Amino acid sequence: MFLDLKPHKGGEVSFRDIGKGEISGLGKIGIPSLVSIDNVLYVKGLKYNLLSISQFYDSGYIVSFNKGKCIVKTKDDKS
């Protein structure tokens, strides 16, 4: 999923009940030429996706949910 990933030394991410994880990379994730988010931290061994909805909004996307899916659109997407 990373479109670009660079090594990053230093820093930790705390998790509620499972301790801490060391940040080992910083990059961009998404689908080429469709959707991407910059400054995403990579934590080696983490088995969860911790993207927040605010990261999508801050990157200029519109997010909507229904019972079975999450839809991410650009602000100029008319569909």
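Quick caveat: nothing in here was measured; it's all calculated off a predicted structure.
Heavy-atom neighbours of Glu22 CD from other residues, nucleotides or ligands within 6.0 Å: at or below the threshold of 12.
Proximity of Asp38 to Ser59: side-chain heavy atoms (C-beta onward) are nowhere separated by under 4.5 Å. Between Leu26 and Val40, every side-chain heavy-atom pair lies at or beyond the 4.5 Å cut-off.
Rounded to the nearest 0.5 Å, atoms NZ (Lys9) and CD1 (Ile23) are 13.0 Å apart. With values rounded to the nearest 0.5 angstrom, Ile71 atom CD1 is found 10.0 Å from Phe65 atom CZ.
For the pair Tyr42 (side chain) and Lys6 (backbone), a donor-acceptor distance under 3.5 Å is absent.
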- [ ] Kindly determine whether Ser64 and Asn66 satisfy side chain to side chain contact (heavy atoms under 4.5 Å, CB included), including the steps that lead there.
- [x] CA-CA 7 Å; Ser64 61; Asn66 65 29; over 6 Å; no
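Residue Phe56 comes nearest to Val72 through the heavy atom pair CD2-CG1, 3.8 Å, listed as atom of the first residue, atom of the second, then distance. Among all heavy-atom pairs drawn from Val13 and Val43, the shortest one is CG2-CG2, 3.8 Å. Annotation for Cys70 and Val63: closest pair SG-CG1, 3.6 Å, computed over non-hydrogen atoms.
By the rule that hydrophobic residues join a cluster once side-chain heavy atoms approach within less than 4.5 Å of another member, Ile53 and Tyr61 end up as members of one cluster. If you chain together hydrophobic residues whose side chains sit under 4.5 Å apart, Ile29 and Ile62 never meet in one group.
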